[in-house]
Engineer: 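The structure that follows is given in the form of structure tokens.
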Amino acid sequence: MPELPEVETIANGLRQGGSDGSPSLIHQAILSACVLWPRSIAEPAPSEFERRIAGQVITAIGRRAKYLVMQLSQDTLLIHLRMSGNLLVEPHNAEIPTHHRLLLFLQGGWRLAFNDTRKFGRAWLTNQPDQVLGRLGPEPLDPAFSAQEFYRRLQASRRQLKPLLLDQEFIAGLGNIYTDEALHLSKLHPLLTADQLDETQAAVLLDNIRRVLSSGIRHHGASIDWVYRNGDFQNYFLVYQRDGQPCRKCGATIQRLVVGQRGTHFCPVCQPTPEGGRPA
DNA sequence: CACGAGACCTGTTCGC
DNA sequence: TGCGAACAGGTCTCGT
């Protein structure tokens, strides 16, 4: 489910508290933890995770790329939601749903639950978060990340734009939805290679990456199926999962192809096939 | 270096 | 209705 805007929305919700009366998690103490699916804990071992997190206080909640970052009094708790993860604040004694993988029991009768149907998500409890986050590329919404720097990085690669933008070491936080949307707004075919872009196209692409991410955040993310249903950005998709439907810009039929084993959606008229490329 | 396939998982949807 | 295939917001590892 979650790309950058969805994780940002979740982090904001945990920081601010919910409309259902659930509290902000800032300054809350974690009384105890219960690991329900051991492989959801990347490090340390589940038993040590439970022992070590107990008694720590949540001091800050933020996001880096698609990672939720919870600063605790001694350690940092990192959570990556991967395909189907979600975080929920619930009454501590509520019935435990099937796909809950980790529970953190808090003061005041509440618990933080990590729910993850497909079990791809992971949590790290560490005092060296950079060992997990260190390889990530630039944060796209960071104003210090310049168009010139983005162009320089594109020039250094011969990879196709779609898989390159999904590579978290190249730029951190984009996923399948926002990549397809940003390429469409930029009128760039997903199979163009990075070094084919000129400086102007690079600047336009970065601008549109920021535009779709900001719009996604403004709409509290996208809710496509049963997983995460807080946002409505899905109502504004221009290409993602719109194959067979008319392009909202030109009326041509949106196409789908598979690139790097990911469904890829684009308008064949707005985003013409690159020179020498294979037609879609 | 770049790419493709397979793993990791469960659930929903689609075609016959 | 049943049943298998295809597909899903992500990332890692291995082979070519």
Side-chain angles (χ1 to χ4, degrees), chain A residues 1-11 36-43 63-68 78-87 97-102 114-124 131-137 153-183 190-196 212-213 215-217 219-237 239-244 256-265 274 277-278:
Chain A
M1 159 229 5
E3 304 181 32
L4 186 157
E6 290 76 22
V7 180
E8 178 81 14
T9 301
I10 290 169
L36 301 170
W37 180 257
R39 298 193 62 178
S40 294
I41 310 299
E43 66 167 86
R63 176 193 61 74
R64 168 75 171 106
K66 302 175 195 174
Y67 289 83
L68 188 98
L78 301 171
I79 299 177
H80 197 304
L81 301 167
R82 294 278 176 93
M83 291 289 265
S84 62
N86 201 0
L87 292 170
T98 314
H99 303 303
H100 276 20
R101 309 303 179 197
L102 170 67
F114 172 41
N115 181 284
D116 183 21
T117 302
R118 293 180 69 181
K119 300 178 175 173
F120 290 163
R122 293 291 181 270
W124 294 254
Q131 291 203 337
V132 181
L133 305 176
R135 300 178 62 91
L136 290 170
R153 292 172 71 89
L154 287 168
Q155 281 296 298
S157 173
R158 298 178 172 196
R159 297 174 64 187
Q160 295 170 328
L161 288 175
K162 177 67 189 274
L164 183 64
L165 294 175
L166 289 175
D167 183 343
Q168 303 297 298
E169 292 185 34
F170 180 77
I171 188 168
L174 289 175
N176 215 26
I177 294 174
Y178 295 91
T179 298
D180 282 3
E181 296 295 318
L183 286 173
L191 298 182
L192 273 169
T193 55
D195 57 358
Q196 287 179 279
V212 291
L213 292 176
S215 183
I217 292 169
H219 289 283
H220 309 294
S223 306
I224 294 170
D225 62 20
W226 78 98
V227 191
Y228 185 84
R229 21 192 65 269
N230 303 325
D232 68 332
F233 187 64
Q234 70 278 9
N235 298 323
Y236 301 88
F237 290 168
V239 287
Y240 185 76
Q241 287 189 348
R242 292 195 66 248
D243 42 309
R256 176 184 187 276
L257 69 154
V258 176
V259 184
Q261 304 175 117
R262 309 302 303 277
T264 297
H265 315 77
R278 190 188 45 78

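None of these values were measured; they are calculated from a predicted model. In the text below, chain A, chain B and the rest are named by the order of the sequence lines, each starting its count at 1. Because only heavy atoms are used, hydrogens play no part in the values below, and waters and symmetry mates are left out as well, while side chains stay in.
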Engineer: CD of A/Q168 versus P of C/dC12: gap in Å, rounded?
Structural biologist: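 To the nearest whole Å, that distance equals 9 Å.
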Engineer: Given C/dC7, B/dA5, B/dA2, identify the nucleotide with an atom nearest to the side chain of A/Q261.
Structural biologist: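 The answer is B/dA5.
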Engineer: May I ask you to evaluate whether A/R262 reaches the phosphate of C/dG9, defined as a side-chain N or O under 4.0 Å from OP1 or OP2?
Structural biologist: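 So the side chain of A/R262 is within the cut-off, an N or O lying under 4.0 Å from OP1 or OP2 of C/dG9.
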Engineer: Measure CD/A/E169 against P/C/dG10 and give the value in whole Å, please.
Structural biologist: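 Interatomic distance, CD of A/E169 to P of C/dG10: 16 Å.
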Engineer: Rounded off to whole Å, could you give me the CG-to-P distance for the A/N115 and C/dG9 pair?
Structural biologist: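 The distance from CG of A/N115 to P of C/dG9 comes to 19 Å, rounded to the nearest Å.
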Engineer: For A/Q234, which residues count as a side chain to side chain contact (heavy atoms under 4.5 Å, CB included) partner, sequence neighbours excluded?
Structural biologist: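 A/Q234 satisfies side chain to side chain contact (heavy atoms under 4.5 Å, CB included) with A/A222, A/S223, A/D232, A/F237 only.
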Engineer: With sequence neighbours left out, what residues match A/N230 under side chain to side chain donor-acceptor pair (under 3.5 Å)?
Structural biologist: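 Side chain to side chain donor-acceptor pair (under 3.5 Å) check on A/N230 returns nothing, list empty.
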Engineer: Would you please name every residue forming a ring pair (Phe, Tyr, Trp, His ring centres under 6.0 Å) with A/H80, sequence neighbours left out?
Structural biologist: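 Residues passing ring pair (Phe, Tyr, Trp, His ring centres under 6.0 Å) with A/H80: A/Y67.
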Engineer: Taking atom P in both C/dG4 and B/dC9, compute the distance separating them and give it to the nearest angstrom.
Structural biologist: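 Between the two P atoms, the distance is 22 Å.
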Engineer: When you look for runs of 3 or more Watson-Crick or G-U pairs in a row, both distances below 3.5 Å, which of them include DNA chain C?
Structural biologist: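 The stems are B:2-8 with C:10-16, B:10-16 with C:2-8.
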Engineer: Can you sort out the partners of A/Y178 under side chain to side chain donor-acceptor pair (under 3.5 Å), two or more places apart, ordered by chain and number?
Structural biologist: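 Partners of A/Y178 under the side chain to side chain donor-acceptor pair (under 3.5 Å) test: A/E6.
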Engineer: State, to 0.1 Å, how close A/V212 and A/F233 come at their nearest heavy-atom pair, and which atoms those are.
Structural biologist: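 A/V212 and A/F233 have their closest heavy atoms at O-CZ, 4.1 Å.
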Engineer: Can you check each nucleotide of nucleotides 8-16 of chain B against protein heavy atoms at under 4.0 Å and return B for base, S for sugar-phosphate only, - for none, in 5' to 3' order?
Structural biologist: BBBS-----
Engineer: In this structure, how many angstroms lie between the P atom of C/dC7 and the CD1 atom of A/I224, rounded?
Structural biologist: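 So the two atoms are 16 Å apart, to the nearest Å.
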Engineer: In this structure, how many angstroms lie between the C1' atom of C/dT11 and the CG atom of A/D167, rounded?
Structural biologist: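 It is 10 Å, rounded to the nearest whole Å.
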Engineer: Send over the distance from A/L68 CG to C/dG10 P, rounded to a whole Å.
Structural biologist: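 Result: 16 Å.
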Engineer: For the pair made of CG in A/D225 and P in C/dG10, what is the distance, rounded to whole Å?
Structural biologist: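 Rounded to whole Å, this separation is 12 Å.
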Engineer: Heavy atoms under 4.0 Å, any strand shown: does A/F233 hit a base, just sugar-phosphate, or nothing?
Structural biologist: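 Here A/F233 touches no strand at all.
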Engineer: Tell me which one of A/N115, A/D116, A/I41 satisfies side-chain contact (heavy atoms from CB on, under 4.5 Å) with A/R101.
Structural biologist: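 Result: among A/N115, A/D116, A/I41, A/D116 is the only option passing the side-chain contact (heavy atoms from CB on, under 4.5 Å) with A/R101.
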Engineer: Does the side chain of A/K66 get closer than 4.0 angstrom to OP1 or OP2 of C/dG10 through an N or O atom?
Structural biologist: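 Affirmative; the distance criterion is met.
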Engineer: Would a distance-only check, ignoring hydrogens and angles, find a side-chain to backbone donor-acceptor pair under 3.5 Å from A/R63 to A/V7?
Structural biologist: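 Flag not set: sc A/R63 to bb A/V7 has no pair under 3.5 Å.
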Engineer: Using the P atom as the point on both nucleotides, what is the distance between C/dG9 and B/dA2, in whole Å?
Structural biologist: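 Here B/dA2 and C/dG9 have their P atoms 24 Å from each other.
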Engineer: Residues in side chain to side chain donor-acceptor pair (under 3.5 Å) with A/R242, at least two apart?
Structural biologist: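 Side chain to side chain donor-acceptor pair (under 3.5 Å) check on A/R242 returns nothing, list empty.
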Engineer: Could you tell me the separation between the CG atom of A/L174 and the P atom of C/dT11, rounded to a whole number of Å?
Structural biologist: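 In whole Å, C/dT11 P lies 10 Å from A/L174 CG.
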Engineer: Does any residue of residues 159-166 of chain A have a heavy atom under 4.0 Å from DNA chain B, and if so, which ones, in number order?
Structural biologist: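 Those residues whose heavy atoms fall under 4.0 Å from DNA chain B, taken from residues 159-166 of chain A in numerical order, are A/R159, A/Q160.
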Engineer: When rounded to the nearest Å, what value does the distance between P atoms of C/dA5 and B/dA7 take?
Structural biologist: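 It works out to 16 Å between them.
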Engineer: What is the nucleic acid contact for A/S223, judged by heavy atoms within less than 4.0 Å: base, sugar-phosphate only, or nothing?
Structural biologist: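 Base contact.
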Engineer: Quick one: list whatever passes side chain to side chain contact (heavy atoms under 4.5 Å, CB included) with A/R158, sequence neighbours left out.
Structural biologist: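 So A/R158 forms a side chain to side chain contact (heavy atoms under 4.5 Å, CB included) with A/D195.
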Engineer: Identify, with sequence neighbours excluded, every residue that meets side chain to side chain contact (heavy atoms under 4.5 Å, CB included) alongside A/Q131.
Structural biologist: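 Per chain and number, A/Q131 pairs via side chain to side chain contact (heavy atoms under 4.5 Å, CB included) with A/Q128.
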Engineer: Output all residues satisfying side chain to side chain contact (heavy atoms under 4.5 Å, CB included) with A/R118, sequence neighbours left out; order by chain, then residue number.
Structural biologist: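 Result, side chain to side chain contact (heavy atoms under 4.5 Å, CB included) vs A/R118: A/M83, A/S84, A/F120.
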Engineer: Going by side chain to side chain donor-acceptor pair (under 3.5 Å), name the residues that satisfy it together with A/D167, two or more places apart in sequence or in a different chain.
Structural biologist: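 If we apply the side chain to side chain donor-acceptor pair (under 3.5 Å) test to A/D167, skipping adjacent residues, the hits are A/R159.
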